[in-house]
Amino acid sequence: MEFKVSELERDPIEFDLEMPPGSVDFGEEAEQVGDLATSGRAEVLHEHRGPRDIVADIRLRGQFAGKFQVPCARCVEPVEIPLAADFDLIFRPVTADSEALERSITAPETEIGYYQKDSLLLEDVLREQVLLSLPVRTLCKPDCKGLCPRCGENRNTQACHCGENPGDPRWEALAGLRGRIKS
């Protein structure tokens, strides 16, 4: 769904959508399972920077909810997690700050995004919000054994036959040193 400034100037747009899997590309970080429900409102805010300098910012408020699969951090098996979040975002035209020289910004300005040309895609906003809502590290279970570093076998499903701690031949010269050192 595309929000055009010219359309938002006339009236705010309310949206309530069920987006099927594949309608938003989440890359390799997550895979959508089932529909992604989203609803909210898009409107234009006019930022007055001077008597003749008015910037049309897009304010997008809403929420999303859906289920996603992400790889386990240890064994890379898919883990299904439900996500739901609210968002209240401001987007300004890319050209609005392009001529400004280097300057410090305030804390609220760090939350401002930018849109190209004269429109903003809801799919881009949802991609960003979903990826930011994902947990940093996901495990399939708290005691996940992960993959064997030598053969790549998933140690949760099958025992690995590589040996517990194979010795590194570069360290063999130091192997008996502990017994020879007196405390």
Could you tell me the separation between the [atom1] atom of [X] and the [atom2] atom of [Y], rounded to the nearest 0.5 Å?
X      : Y      : atom1 : atom2 : result
Ser23  : Leu36  : OG    : CG    : 7.0 Å
Asp25  : Leu126 : CG    : CG    : 13.0 Å
Cys144 : Arg155 : SG    : CZ    : 9.5 Å

Taking the side chain as everything from C-beta on, heavy atoms only, tell me whether [X] gets closer than 4.5 Å to [Y].
X      : Y      : result
Ile81  : Leu134 : yes
Val70  : Glu80  : no
Cys151 : Cys160 : yes
Phe91  : Val125 : yes
Val24  : Leu122 : no

Side chain to side chain donor-acceptor pair (under 3.5 Å) partners of [X], counting only residues at least two apart:
X      : result
Glu18  : none
Glu2   : Ser119
Asn156 : Asn154

Discussion item. Please list all pairs meeting salt bridge (charged side-chain N to carboxylate O under 4.0 Å, His left out) that have one or both residues in residues 4-14, counting only residues at least two apart or in different chains.
Written reply: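 Found Glu14-Arg41.
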Discussion item. With salt bridge (charged side-chain N to carboxylate O under 4.0 Å, His left out) as the rule and sequence neighbours excluded, what pairs involving residues 121-143 come up?
Written reply: Asp124-Arg127
Fill in: Least distance between heavy atoms, Ala56 atom then Pro93 atom
O-CD, 3.5 Å
Worksheet item: Are the side chain of Asp35 and the backbone N or O of Ala37 linked by a donor-acceptor pair below 3.5 Å?
Response: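 Here the side-chain-to-backbone pair does not exist.
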Please determine whether residues [X] and [Y] belong to a single hydrophobic cluster, defined as Ile, Leu, Val, Met, Phe, Trp and Tyr linked transitively by side-chain heavy-atom distances below 4.5 Å.
X      : Y     : value
Leu131 : Leu83 : yes
Val33  : Val79 : no
Phe87  : Met19 : yes

Worksheet item: Pairs in or reaching into residues 61-76: which pass side-chain hydrogen bond (donor to acceptor under 3.5 Å, both in side chains), with residues at least two apart or in two chains?
Response: Ser39-Gln63, Glu43-Arg61
Fill in: All ring pair (Phe, Tyr, Trp, His ring centres under 6.0 Å) counterparts of Phe3, not counting sequence neighbours
Phe15
Item to complete: Identify, with sequence neighbours excluded, every residue that meets ring pair (Phe, Tyr, Trp, His ring centres under 6.0 Å) alongside Phe26.
Response: Phe68
Fill in: Test side chain to side chain contact (heavy atoms under 4.5 Å, CB included) applied to Ala84 - qualifying residues, sequence neighbours left out
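So Ala84 forms a side chain to side chain contact (heavy atoms under 4.5 Å, CB included) with Ala65.
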Item to complete: Return the set of residues passing side chain to side chain contact (heavy atoms under 4.5 Å, CB included) with Leu45 (not counting sequence neighbours), or none when no residue passes.
Response: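 Scan of Leu45 (side chain to side chain contact (heavy atoms under 4.5 Å, CB included), adjacent residues dropped) gives Asp57, Arg59, Ile90.
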Item to complete: Mind jotting down which residue pairs meet the ring-ring contact (aromatic ring centres under 6.0 Å, His included) criterion with at least one end in residues 115-143? Sequence neighbours excluded, please.
Response: none
Worksheet entry | Nonpolar side-chain network containing Leu147, other nodes, edges under 4.5 Å |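 Noted: Leu147 shares its cluster with Val76.
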Discussion item. Show, in sequence, the C-alpha distance, side-chain angles and deciding distance for Leu8 and Ile58, and conclude whether the side chain to side chain contact (heavy atoms under 4.5 Å, CB included) test is met.
Written reply: CA-CA 8 Å; Leu8 292 172; Ile58 297 175; 4.0 Å; yes
